[in-house]
Amino acid sequence: MADSENTNDLTWIYGLKDNIPAFLRHLKGSMRPGFYHYSLTGDYFGEKVKWGLGNAVFFLKIVYTVGLETIFKHEIREAIMYIKSFQKRNGLFKDELLSLTSLPLRITGFLRHPDLQALSGAAILLAETRQAIATLELFGEMPKYTYARVPNNKTEVQKFIDRLDWSRPWGAGSHFSHLLFFLKRSLFTNKEELINAAIEIVNNLRNHDGFWYRGYTDEAQKINGAMKIITGLKAADRLSFSDGEQMVDLCLNAINNRNACDNFNIVYVLKYAWEQSGKVYRTDDIQRFMRKRLQMCREYYYPQSGGFSFRKGKTNCIYYNSPVARAKYEPDIHGTVMFLWGISIIAIVLGLENKLGFREFTP
């Protein structure tokens, strides 16, 4: 976008708050309180079987981001109770249907990249548990059980991080992020010491471009991995890192626009790298980049329905290795939460957050 262009090109974002409620109501189930469909018409599974932990989480995140608490007061309580119903006594949140239907793709993934944790589904359970707890916290709620299977000494923390494949930092960074999240919420008396140790270990993986990885990896892996690490630092109240300028440079030269996650991750990393550099480095370039990203977001938006699709022109089909919906020309709840989250961050960088009224959440 040329510098001479004004924010009139971005006026579409101010209509989101009015359109999103209709989209959420369309997704709301009629049989199970707290249940939300993944897509408008393409879901493989209905309400006769219990599933949709992630969908309920996304509903609450959207409500929080857009500020719809008053409109959906009753639905919020239902979604909270529905999410809590998925927790097991060991502290994990488990969507039994998705755990079953994800098995074929987990096996396929294992054959390409042997990873017993991924094959067992443990990585998915941790991710689902982490986002369920973080979402409950947004609304002042706590899970019934505490997840306690976390490294409890420095040696175990070192082993945990060393076992990760840092040539693929997107996955490794995700595990590290979960580690910090669960350590922060543990009952360990030495948890702050363990968090500091974990961060010190991972910072030894920093490279000249400011990103965390080992060996050769592509830009998408670097950026998406950095997003995971930064979310972990935020979850542990340790958001501080150096080399923000180098990270800004790489992000501004990258594309990262294959889907909602890619689009969000580059915006997220760029915003926090810029903040860590003192909010002075290449500010004009960053704001120009963010305006272009908003226009890119618009290409995924369906104003008639009020939501976004995870992929351009079609619904996302796979969620945590489980087939959940057919590829149709319509929005889905996953794409909607990711793009709204990204827009909330872009608005902060552009100084539009007060006018827009969106809130960023900590994952």
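Here the rule is side chain to side chain contact (heavy atoms under 4.5 Å, CB included) with Ile195, and of Asn190, Leu183, Asp237 only Leu183 fits it. In summary, of the residues considered (Tyr319, Tyr38, Tyr36, Tyr64), a ring pair (Phe, Tyr, Trp, His ring centres under 6.0 Å) with Phe58 occurs for Tyr319 alone. Just one residue in the list Tyr301, Trp341, Tyr300 forms a ring pair (Phe, Tyr, Trp, His ring centres under 6.0 Å) with Phe308, and that residue is Tyr301.
One N or O on the side chain of Gln287 and one on the backbone of Val349 form a donor-acceptor pair closer than 3.5 Å. Using a distance-only test at 3.5 Å, with no hydrogens or angles considered, no donor-acceptor pair links the side chain of Arg311 to the main chain of Thr315. At least one donor-acceptor pair under 3.5 Å links the side chain of Arg326 to the backbone N or O of Asp43. Judged by distance alone, the side chain of Arg32 and the main-chain N or O of Trp51 form no donor-acceptor pair under 3.5 Å. Although no hydrogens or angles enter the test, the distance criterion places a donor-acceptor pair under 3.5 Å between the side chain of Gln87 and the main chain of Tyr145. With hydrogens and angles disregarded, a donor-acceptor distance shorter than 3.5 Å links the side chain of Glu47 to the backbone of Met31. A donor-acceptor pair is defined here as one N or O able to donate and one able to accept, closer than 3.5 Å; such a pair exists between the side chain of Asp332 and the backbone of His334. Proximity of a side-chain donor or acceptor of Asn321 to a complementary backbone N or O of Arg106 within less than 3.5 Å is not detected. Side-chain atoms of Ser167 do not come within 3.5 Å of backbone N or O of Arg214 as any donor-acceptor pair. Using a distance-only test at 3.5 Å, with no hydrogens or angles considered, a donor-acceptor pair links the side chain of Asn207 to the main chain of Tyr213.
In the displayed structure, Arg206 atom CZ is contacted under 6.0 Å by more than 12 heavy atoms of other residues, nucleotides or ligands. Residue Glu200 places its CD atom among 12 or fewer non-hydrogen atoms of other residues, nucleotides or ligands, all under 6.0 Å distant. When the shell of 6.0 Å around NZ of Lys154 is examined, it contains 12 or fewer heavy atoms from other residues, nucleotides or ligands. Within a 6.0 Å sphere centred on NZ of Lys61, heavy atoms belonging to other residues, nucleotides or ligands number more than 12.
Listed here is the closest heavy atom pair of Ala132 and Leu53: CB-CD1, 4.5 Å. Of all heavy-atom pairs between Gly42 and Glu330, the closest is N-OE2, 3.3 Å.
If you check the side chains of Thr41 and Lys328, you find a donor sitting under 3.5 Å from an acceptor. Counting only N and O atoms by type, the side chains of Glu156 and Asn152 include no donor and acceptor under 3.5 Å apart.
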Take Lys184 and Glu192 through the test salt bridge (charged side-chain N to carboxylate O under 4.0 Å, His left out) and record every step on the way to the result.
CA-CA 7 Å; Lys184 185 67 176 180; Glu192 300 299 332; 3.1 Å; yes

Would Arg359 and Glu69 satisfy salt bridge (charged side-chain N to carboxylate O under 4.0 Å, His left out), going step by step from the backbone distance to the final call?
CA-CA 12 Å; Arg359 292 176 292 181; Glu69 288 89 343; 2.2 Å; yes

Go through the steps for Arg168 and Trp170 under the test side chain to side chain contact (heavy atoms under 4.5 Å, CB included), then give the verdict.
CA-CA 6 Å; Arg168 302 171 67 209; Trp170 193 358; over 6 Å; no

Test side chain to side chain contact (heavy atoms under 4.5 Å, CB included) on Phe241 and Ile229; report intermediate values, then the result.
CA-CA 11 Å; Phe241 54 88; Ile229 289 174; over 6 Å; no

Would you please test Lys50 and Leu97 for side chain to side chain contact (heavy atoms under 4.5 Å, CB included) and show each step?
CA-CA 7 Å; Lys50 182 182 179 182; Leu97 178 64; over 6 Å; no

Is there a side chain to side chain contact (heavy atoms under 4.5 Å, CB included) between His178 and Ser174 once you walk through the steps?
CA-CA 6 Å; His178 298 333; Ser174 178; 3.4 Å; yes

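For the side-chain hydrogen bond (donor to acceptor under 3.5 Å, both in side chains) test, no residue two or more places apart in sequence or in another chain qualifies with Tyr320. Scored by the side-chain hydrogen bond (donor to acceptor under 3.5 Å, both in side chains) test, Asp95 finds no partners at all (sequence neighbours excluded). Under the side-chain hydrogen bond (donor to acceptor under 3.5 Å, both in side chains) criterion, Ser120 pairs with no residue, sequence neighbours left out.
Met81 CE to Glu141 CD: the interatomic distance, rounded to the nearest 0.5 Å, is 8.0 Å.
Taking the six-membered ring for Trp and thresholds of 30 and 60 degrees, Trp166 and Phe176 have ring planes more than 60 degrees apart, a perpendicular arrangement. Taking the six-membered ring for Trp and thresholds of 30 and 60 degrees, Tyr268 and Phe264 have ring planes inclined between 30 and 60 degrees apart.
Side-chain contact between Thr336 and Ile20 is present, with at least one heavy-atom pair separated by less than 4.5 Å. A 4.5 Å side-chain heavy-atom check between Thr146 and Arg185 finds every atom pair outside the cut-off. Annotation: side chain of Tyr281 is in contact with side chain of Asp249 (closest heavy-atom distance under 4.5 Å).
Ionic pairing of Arg288 and Asp285 is present here: one or more N-O contacts between side-chain nitrogen and carboxylate oxygen are shorter than 4.0 angstrom. Note on Arg282 versus Glu245: no salt bridge recorded, every NZ/NE/NH1/NH2 to OD/OE distance being 4.0 Å or above. The existence of a salt bridge linking Lys88 and Glu96 is confirmed by a sub-4.0 Å separation between a basic side-chain nitrogen and an acidic carboxylate oxygen.
Close placement of the Tyr302 and Tyr329 rings is indicated, their centers lying within 6.0 Å of each other.
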